[in-house]
**Q** 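First the structure, then my questions, so here it is.
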Amino acid sequence: MGVDAVPEPVSVLVVDDSALMRNLISKIVESSPGLAVADRAMNGVFALQKIPRCHPDVIVLDIEMPEMNGIEFLKERKRLGIEIPVVILSSVAKKGAQVTMEALALGASDFITKPSGSVSSDIHTVAGELGRLLLAYGTQFRKRKGKAAPHYDYEPPEHLTERVADERIPERQKLEAPKPLRAPGPIEIIAIGISTGGPNALRDIFAKIDPELSQPIVVVQHMPAGFTEEFAKSLDRICPLEVKEAADGDLVKPGRILIAPGDKHISVEKKPLSTVARLSDSPPVNGHRPSADVLFESVAKSFGHRAMGVIMTGMGRDGARELGSIFREGGITLGQDEHSCIVYGMPKVAFELGHVTEQVGLSEMAATISKYARQYR
């Protein structure tokens, strides 16, 4: 084993009560570069028993299981202080969206939807996305913990038994960094673009955001249709400001955070007496609908140097180009730093293009947004 030795693959614990699903998910894991199956479990109880033996880097978890379901497992994981990231496999029904948001509130890192219900033999259609999520969260966990496998000393409770092409970042030429046309003006709007790692990152920011923030916030979080309404409600419960899923024509006003609906682009339209949100079914941009580039472009056009753009964790490059439009107009632009990103993709491209005023860690993001919002009121 020399210096070029291949690192050990990210190990995945597969938890699902269906033997068919365990096999299909395991095949996806084993065929994904950089991933390996650590073990399989048919419910939360067996998962808790296997964690200290197989030391997984990431867990893929079904919700509906006998004896200990996904929600009960997450509560036990939290109680025991287990930090291994969990990616939820979710059904797309309305009830599924509510339970999925409950799972995120209990500490799950992210989720992926089963294409056709609980036992989904066509799970292979989301194989690429599932593989990328597991690799991203598993890699970040290992980076945070170092190479040594973490150990958990506990006994389980006795009474219980985008497509790949769109995500690639092409090689970039060295470009001269753009220069702002003017100094920042009073900030009238804040726009955020975020993807993989976003649900927990936004929970962190909006729980800490300044309750007196006088600028509206509009967010593009890459998320499937059917989930953003419940996601907005879950954020509203922890945020001092109003958080809601955007509807076409909604007022963009102080004290309000609008979340772009899944599968709809969002832009802002400035009128003489108000600013409103506009939703669109126009084709995906950078493989995404909603797209952060669409939002940032409209913000730059309507508000120029009176805007703040924030680009955060996520694969690919969505938002990186049009964040530059806000930057060139003289607006403030923040990019999440590499250390705190689950995937340093979108903010990395924006930073390398020279479109970022300041790089900020996740733990400081709420305070930094609030600081600039106060400073440029």
**Q** Is it possible for you to say whether Val294 and Met223 belong to one hydrophobic cluster, with membership spreading through side-chain heavy-atom contacts below 4.5 Å?
**A**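 Result: no, two separate clusters.
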**Q** Using 0.5 Å steps for rounding, measure from the CZ atom of Phe206 to the CD1 atom of Ile217.
**A**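 The distance works out to 5.0 Å.
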**Q** Looking at Glu229 and Lys233, is any side-chain nitrogen of the basic one under 4.0 Å from a carboxylate oxygen of the acidic one?
**A**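 Looking at Lys233 and Glu229, the cut-off is met.
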**Q** Are Phe351 and Phe296 grouped together when hydrophobic residues (ILVMFWY) are joined by side-chain heavy atoms under 4.5 angstrom apart?
**A** yes
**Q** Decide whether Ile369 and Leu241 are clustered together by the hydrophobic rule: side chain heavy atoms of Ile, Leu, Val, Met, Phe, Trp, Tyr closer than 4.5 Å, transitively.
**A**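 In one cluster with Ile369: Leu241, yes.
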**Q** Against Ile71, only a single residue in Met65, Glu102, Glu64 fulfils side chain to side chain contact (heavy atoms under 4.5 Å, CB included); can you say which?
**A** Glu102
**Q** Given Ile25 and Leu89, is the side chain to side chain contact (heavy atoms under 4.5 Å, CB included) satisfied, shown in steps?
**A** CA-CA 10 Å; Ile25 295 163; Leu89 276 175; 3.2 Å; yes
**Q** Would you compute the distance between atom CG of Leu61 and atom CG of Asn43 and round it to the nearest 0.5 angstrom?
**A**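 Answer for the CG-CG pair, Leu61 versus Asn43, is 10.5 Å.
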**Q** Going by an N to O cut-off under 4.0 Å, is there a salt bridge joining Arg53 and Asp39?
**A**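 Salt bridge: no.
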**Q** Using the rule that two of Ile, Leu, Val, Met, Phe, Trp, Tyr join whenever any of their side-chain heavy atoms come within less than 4.5 Å, decide whether Leu35 and Val87 are in one cluster.
**A**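 Linked within one cluster.
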**Q** Between Met365 and Leu334, does a side chain to side chain contact (heavy atoms under 4.5 Å, CB included) hold up when you go through it step by step?
**A** CA-CA 9 Å; Met365 188 63 81; Leu334 305 180; 4.1 Å; yes
**Q** Can Gln336 and Thr313 be counted as having a side-chain donor-acceptor contact under 3.5 angstrom?
**A** no
**Q** Is the side chain of Ser302 donor-acceptor paired with the backbone N or O of Val299 at a distance under 3.5 Å, no angle test?
**A**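 Flag not set: sc Ser302 to bb Val299 has no pair under 3.5 Å.
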**Q** What distance separates Ile257 CD1 from Ile192 CD1, expressed to the nearest 0.5 Å?
**A** 7.5 Å
**Q** Between the main-chain N or O of Asp62 and the side-chain N or O of Asp16, is there a donor-acceptor pair closer than 3.5 Å?
**A**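 Between the backbone of Asp62 and the side chain of Asp16 there is no qualifying donor-acceptor contact (under 3.5 Å).
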**Q** Are any side-chain N or O atoms of Asn23 and backbone N or O atoms of Ala19, one a donor and one an acceptor, separated by less than 3.5 Å?
**A** yes
**Q** Check this for me: Phe303, atom CZ, are more than 12 non-hydrogen atoms of other residues, nucleotides or ligands nearer than 6.0 Å?
**A** yes
**Q** Which heavy atom of Ile190 sits nearest to which heavy atom of Ala373, and what is that distance?
**A**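 In terms of heavy atoms, the two residues are closest at CD1-CB, 4.4 Å.
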**Q** Between Tyr137 and Gly197 (side chain of the first, backbone of the second, donor and acceptor by atom type, cut-off under 3.5 Å), is there such a pair?
**A**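 Checking the backbone N and O of Gly197 against the side chain of Tyr137, a donor-acceptor pair under 3.5 Å is found.
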**Q** For Lys27, is the NZ atom crowded, meaning more than 12 foreign heavy atoms sit under 6.0 Å from it?
**A**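 No, NZ of Lys27 has 12 or fewer neighbouring heavy atoms, counting only those of other groups under 6.0 Å.
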**Q** What distance do Glu329 atom CD and Arg182 atom CZ have between them, rounded to the nearest 0.5 Å?
**A**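 Rounded to the nearest 0.5 Å, the CD-CZ separation comes to 5.0 Å.
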**Q** Given side chains that start at C-beta, do those of Lys208 and Ser370 come closer than 4.5 Å, heavy atoms only?
**A**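 Result no, sub-4.5 Å side-chain heavy-atom pair not found.
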**Q** Considering all heavy atoms of both residues, which atom of Ile209 and which atom of Pro240 are nearest to each other, and what is their separation?
**A** O-CG, 3.5 Å
**Q** Quick check: does any side chain N or O of Gln215 sit under 3.5 Å from a backbone N or O of Ile187, one acting as donor and the other as acceptor?
**A** yes
**Q** Okay, side chain of Asn200, backbone of Asp110: is any donor-acceptor separation there less than 3.5 Å?
**A** no
**Q** Salt bridge or not between Glu76 and Arg79? Use side-chain N to carboxylate O under 4.0 Å.
**A** yes
**Q** Can any side-chain N or O of Arg306 pair as donor or acceptor with the backbone N or O of Ile189 at less than 3.5 Å?
**A** no
**Q** Is any side-chain heavy atom of Met101 closer than 4.5 Å to one of Phe227?
**A**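 A side-chain contact under 4.5 Å exists here.
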**Q** Please report the closest heavy-atom contact between Met346 and His222, naming both atoms and the distance.
**A** SD-CE1, 4.2 Å
**Q** Can you tell me if Ser195 uses its side chain to pair, donor with acceptor, with the backbone of Gly314 under 3.5 Å?
**A**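 It does not hold such a pair.
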**Q** Give a yes or no on whether a salt bridge exists between Lys145 and Asp57, defined as a side-chain N under 4.0 angstrom from a carboxylate O.
**A**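 No salt bridge links Lys145 with Asp57.
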**Q** Taking all non-hydrogen atoms of both residues into account, name the closest pair between Gly309 and Ile326 and its distance.
**A** CA-CD1, 4.0 Å
**Q** Could you tell me the separation between the NZ atom of Lys301 and the CD atom of Glu269, rounded to the nearest 0.5 Å?
**A**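 Here the rounded value is 9.5 Å.
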**Q** Are any side-chain N or O atoms of Arg256 and backbone N or O atoms of Leu251, one a donor and one an acceptor, separated by less than 3.5 Å?
**A** yes
**Q** So Ile28 and Leu24, do their side chains get closer than 4.5 Å, heavy atoms only?
**A** no
**Q** Please list every donor-acceptor pair under 3.5 Å in which a side-chain atom of residues 260-267 meets a protein atom from a residue at least two apart or in another chain.
**A**
residue, atom, partner, partner atom, Å
Asp263, OD1, Arg289, NE, 3.1
Asp263, OD1, Arg289, NH2, 3.0
Asp263, OD2, Arg289, NH2, 3.4
Lys264, NZ, Asp281, OD1, 2.9
Lys264, NZ, Asp281, OD2, 3.2
His265, ND1, Ser291, N, 3.3
His265, NE2, Ser282, O, 3.4
His265, NE2, Pro283, O, 2.9

**Q** Side-chain heavy atoms nearer than 4.5 Å, only ILVMFWY residues, links allowed to pass through others: does that put Val58 and Leu130 together?
**A** yes
**Q** If we ignore hydrogens and angles and just use 3.5 Å, is the side chain of Thr275 paired with the main-chain N or O of Val252 as donor and acceptor?
**A**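 Not confirmed, Thr275 side chain does not pair with Val252 backbone.
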**Q** Looking at Glu188 and Lys270, is there a salt bridge between them, counting it only when a charged N and a carboxylate O are closer than 4.0 Å?
**A**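 A salt bridge links Lys270 with Glu188.
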**Q** Within this structure, what is the CG-CG distance for the pair Leu295 and Asp318, rounded to the nearest 0.5 Å?
**A**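 With rounding to 0.5 Å, CG (Leu295) is 10.0 Å from CG (Asp318).
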**Q** Provide the closest heavy-atom pair for Pro184 versus Ile332 in the form atom of the first, atom of the second, distance.
**A** CG-CD1, 3.7 Å
**Q** Determine whether Arg321 and Glu297 satisfy the following criterion, side chain to side chain contact (heavy atoms under 4.5 Å, CB included), listing intermediate values before the conclusion.
**A** CA-CA 9 Å; Arg321 182 183 71 243; Glu297 181 182 24; 5.9 Å; no
**Q** Nearest heavy-atom pair of Ala320 and Ala350: which atoms, and what distance?
**A**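 Minimum heavy-atom separation between Ala320 and Ala350: CB-N, 3.6 Å.
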**Q** The test is side chain to side chain contact (heavy atoms under 4.5 Å, CB included); show your working for Val60 and Leu133 and say whether it passes.
**A** CA-CA 10 Å; Val60 56; Leu133 280 180; over 6 Å; no
